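Because the structure is predicted, anything quoted here is derived from the model rather than measured. Throughout, protein chains are lettered first and strands after them, A, B, ... in sequence-line order, and every chain is numbered starting at 1.
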Amino acid sequence: MNALVQHIRVSLRLHFRNKMALLYGYLFPLIFLIAFWVLYRHERIPLLRHMGELLTVSVLGGACFGLPTTLVSERERGVWRRYRLTPVPTWVVVTSTALARYVLVLSAGLLQLGLAFALGMTMPAHPFDLWVAFTLVSFAFIGLGLVIATLADNVPAVQALGQCLFLPMLIIGGVAVPLASLPDWAQHVSAFFPGRYAVESLQLCVTGAGLSATRFSLFALIVIGFAGCIAGAKLFRWDAQQRFAAIGGKAWILPVLASWIAVGVFAESRGRVKVAPATEIAVATTPAGAAPSSSGTKGAAASNATLPTASPPAAITATEAPTPSANTNATSPAPTPATTVTPPVTTAPAPTVALTPPPTVPAKPEPPWMKVTDKDVAALDYNVPPDQGIVSPIADRDEEVADFIKEQITTVQERLSTWEPGMDEDELQAVRNLLCVAAVPDSIQLPSERYVPRVVYEHLKERFPKDKLIKLLTWIAMNPERGMVLDEMNDLGIEGQAGDAYQVRERMYLYAIKFIARLTGRVEE
Amino acid sequence: MPRKQLVPAVASTYPRHSFPIMPAKVKVRDLSKRYGGLEAVRGVSFEVEAGEIFGLLGPNGAGKTTTVECLLGLREPDTGQLEVCGFDSRRQSREAKQRLGAALQSTALQDKITPREAVALFASFYRVAASPDTLLERFELADKANARFETLSGGQRQRLALALAFVNRPEVVLLDEPTTGLDPHSRRELHVSIRRMKEDGCTVLLTTHYLEEAEQLCDRVAIIDHGRIVATGAPRELVAASRSALSVTLTLRPGIEAALLASVPGVDELRVEGGTVSFRTRDATDTLATVTQLLREKRIEILDLHVRKASLEDVFLALTGNGESTPEAGG
């Protein structure tokens with residue numbers, strides 16, 4: 001026990017004396033965080049939706065690069081050979097090295113959280129769950145780091161092997177690039193990489209329902225971590241003279257590969273591979289009056305039985321949503337349970353999420369959006385990303401459509417007037433659904449992302465009287481987290497899903513603002 | 001080249017020196033180890049008695065380090081039995097290591113670790129541990145206790161390696177080429193340390209290719225060559241037992257033909273290079289009488305004459321075949 005504690009203590013001290021290790025261990029995650037902050041600067045709560053990715057990057061760097069680099073360089077120097085002369089058992093040094101590394105990645109994660117808070121991020125929904133998930137993510141990646149250390153004969157080999165795991169996980173493994181914007185095959189590949197499960201489990205603790213909603217990811221991380229730690233300990237080499245090619249028991253690598261494959265196959269078999277519904281943000285309470293058409297609510301709830309309905313992150317709605325006007329709440333008879341909306345998980349050509357023919361609706365109270373005043377319109381924040389940018393772009397009225405997407409734009413134009421969700425009896429929901437048509441191509445960065453919003457805007461102008469449209473859009477911009485979100489509109493010829501209702505809502509909000517700015521003459525057409 | 005078997009490779013042929021009779025602290029029986037096609041160690045056997053300084057002496061590549069590494073558990077022997085303090089060094093390696101201190105040819109530690117931290121860390125690996133301060137004091141590292149390893153000189157690093165070897169108050173200390181690469185001053189200091197280990201009741205097994213070091217330090221040595229032990233015993237016994245206990249060098253004018261002296265009884269290993277003649281003999285008086293008689297008859301003048309006692313080096317060279325693997329004299 002004494003040896004374990006002493007070795008952890010010495011490992012940590014040495015780490016803090018090593019400038020390069022500090023640079024990799026702390027500066028690198030912070031740089032990543034700043035980069036994300038800049039990249040997603042238009043999000044309403046800075047960084048909150050990316051903490052899963054950011055924390056995963058920290059752990060990946062510390063566990064898959066930092067840990068094996070230290071281990072292998074010490075082995076190359078002969079430090080471990082010297083340990084070998086003492087009676088200290090292998091498990092003690094391996095465990096203490098892993099624990100010291102855990103302390104380091106945990107401190108790097110806390111540092112990231114601290115900086116994120118300083119930049120305006122709100123409290124994660126489930127801090128304790130987040131710590132548990134972080135620990136399991138560390139366990140999985142430290143196991144992986146131990147395996148890299150056994151495979152690599154020298155430090156350059158660690159770098160090469162580390163990159164071979166790091167980059168694919170970053171790019172097609174769902175760590176740095178949202179899975180939803182990746183092609184199907186990449187989503188299938190990502191199911192075999194632990195990075196995806198790390199991001200999912202962490203993110204659900206930050207903006208989702210916590211650990212209870214991410215059991216599969218946690219299970220995947222534990223399986224991968226165990227396989228890695230066992231193989232890492234079994235194949236542990238004390239001496240740099242023992243090359244990997246020459247050691248026995250190489251079969252211990254198989255459990256590691258087997259664990260990745262098993263997790264991937266299991267995920268495939270349970271239909272968990274395509275677009276994760278994990279990043280949905282539940283809405284705490286929705287006043288009945290403000291709720292979308294009741295049929296829609298039912299449909300969504302029914303299609304979503306597995307997701308929690310009593311949803312926790314009050315912090316988000318409370319701190320973030322512009323306070324819905326008090327009178328709206330006052331008029332609402334009783335709050336309905338929260339609704340969550342997710343894109344359909346199946347690939348079948350299910351038309352839209354939430355639409356079933358509405359039953360006969362009893363006489364409704366005056367819809368809340370009617371109470372929107374000019375003051376409310378003026379109070380909106382018109383400081384939005386530029387029309388020519390990456391986020392919420394919108395083509396000029398007379399802008400020529402590129403040839404290769406002309407057909408797609410024409411299709412959207414033609415079908416929009418008869419598109420069922422756009423004709424929803426509840427006009428508020430109809431406008432929302434139409435905003436989704438503008439928001440989804442932007443979320444998934446389709447080539448048509450500049451032109452579809454223009455088509456939607458023209459369609460809205462045609463359909464609604466100007467004043468009514470301004471009120472509807474303003475209400476949506478004031479309550480971006482209410483109501484339903486559509487994420488699939490194949491019937492309009494728009495293929496793909498954002499897989500992230502939060503992002504769609506955000507883009508809807510931006511387009512609503514942009515449309516209002518045009519309608520009210522704040523922006524010239 | 002056929003090697004002359006001047007000394008039988010059985011230690012018991014020679015009288016045991018005056019240590020109290022105790023079970024041997026280190027026992028190596030019939031140790032063999034091959035790397036691929038190379039037989040590094042071929043049936044090595046020896047015992048190290050409690051309280052003695054025992055030297056494994058041999059040229060580079062003779063198998064010394066492999067023998068020590070097998071004892072330390074760094075290598076898995078192909079055959080043979082190894083015991084340290086009564087514990088099988090393979091099956092009971094943890095118990096053996098509890099009682100064993102070791103310093104390898106070069107001890108590498110992390111660049112940023114300090115001697116104090118290193119000693120404290122290694123102390124935590126053992127059941128019994130010496131006080132870090134005492135150790136640092138004893139190995140003259142007290143003023144460097146908080147310096148980083150990367151800033152230590154070669155001699156300081158070597159002393160730290162020794163301090164680490166003593167961290168568990170070992171019964172047996174294994175030192176692999178402890179003085180290699182040290183300057184003469186550090187080397188002398190180290191000799192003092194090693195003698196002190198013995199005074200403290202430690203049993204010391206060291207390897208070296210410095211003959212003078214072995215002669216000065218060791219109570220007994222085993223000479224190892226090509227993976228085999230070719231002689232074991234106290235250095236002066238080995239020298240005394242050598243057939244050519246004396247070495248004679250003559251400078252003559254004019255020169256002489258080798259054949260003339262080769263027939264003289266008692267002349268061994270004759271070498272003639274121009275006017276310089278050297279040979280070994282067990283009885284200088286008789287041999288020289290015959291030689292001078294012969295020279296007078298041939299009217300050859302003696303310009304210079306040296307007779308000196310044979311050293312361990314001479315024995316060593318005689319045993320290991322001097323051509324291919326010359327050890328370094330000095331120390």
Scan side-chain atoms only and decide if [X] and [Y] contain a donor-acceptor pair under the 3.5 Å cut-off.
| X | Y | value |
| --- | --- | --- |
| A:Y24 | A:T69 | no |
| B:D176 | B:T207 | yes |
| A:T86 | B:Y126 | no |

Non-hydrogen atoms of chain A under 4.5 Å away: do they reach the side chain of [X], the backbone, both or neither?
| X | answer |
| --- | --- |
| B:R75 | side chain |
| B:L164 | both |
| B:R148 | side chain |

**Report entry** Among the listed options B:S93, B:A118, B:G73, B:A120, the residue most often paired with chain A at heavy-atom distances under 4.5 Å
**Finding:**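 Counting heavy-atom pairs under 4.5 Å, the top option is B:A120.
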
Query raised in the report: Among B:E69, B:E95, B:R127, who wins on heavy-atom pairs under 4.5 Å with chain A?
Result: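 Ranked by heavy-atom pairs under 4.5 Å with chain A, first place is B:E69.
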
Requested in this report: Let me know if A:R13 has heavy atoms under 4.5 Å from chain B in its side chain, its backbone, both or neither.
Outcome: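 Looking at A:R13, just its side chain touches chain B.
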
Query - Output field: ring centroids A:F65/A:F166 closer than 6.0 Å - result: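 A:F65 vs A:F166: aromatic centres under 6.0 Å.
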
Report task. Verify the ring-centre separation between A:W131 and A:F134: is it less than 6.0 angstrom? Result ->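 Here the rings of A:W131 and A:F134 have centres that are no less than 6.0 Å from each other.
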
Query raised in the report: Would you say B:N168's side chain and B:L100's backbone share a donor-acceptor pair under 3.5 angstrom?
Result: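 Side chain of B:N168 to backbone of B:L100, a donor-acceptor pair under 3.5 Å: yes, one is there.
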
Requested in this report: Tell me, out of A:V92, A:V88, A:V93, who's got the most heavy-atom pairs with chain B below 4.5 Å.
Outcome: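 Option with the greatest count: A:V88.
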
Query raised in the report: Most heavy-atom pairs under 4.5 angstrom with chain B, which of A:N2, A:L85, A:V5?
Result: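 With the most close heavy-atom pairs to chain B, the winner is A:L85.
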
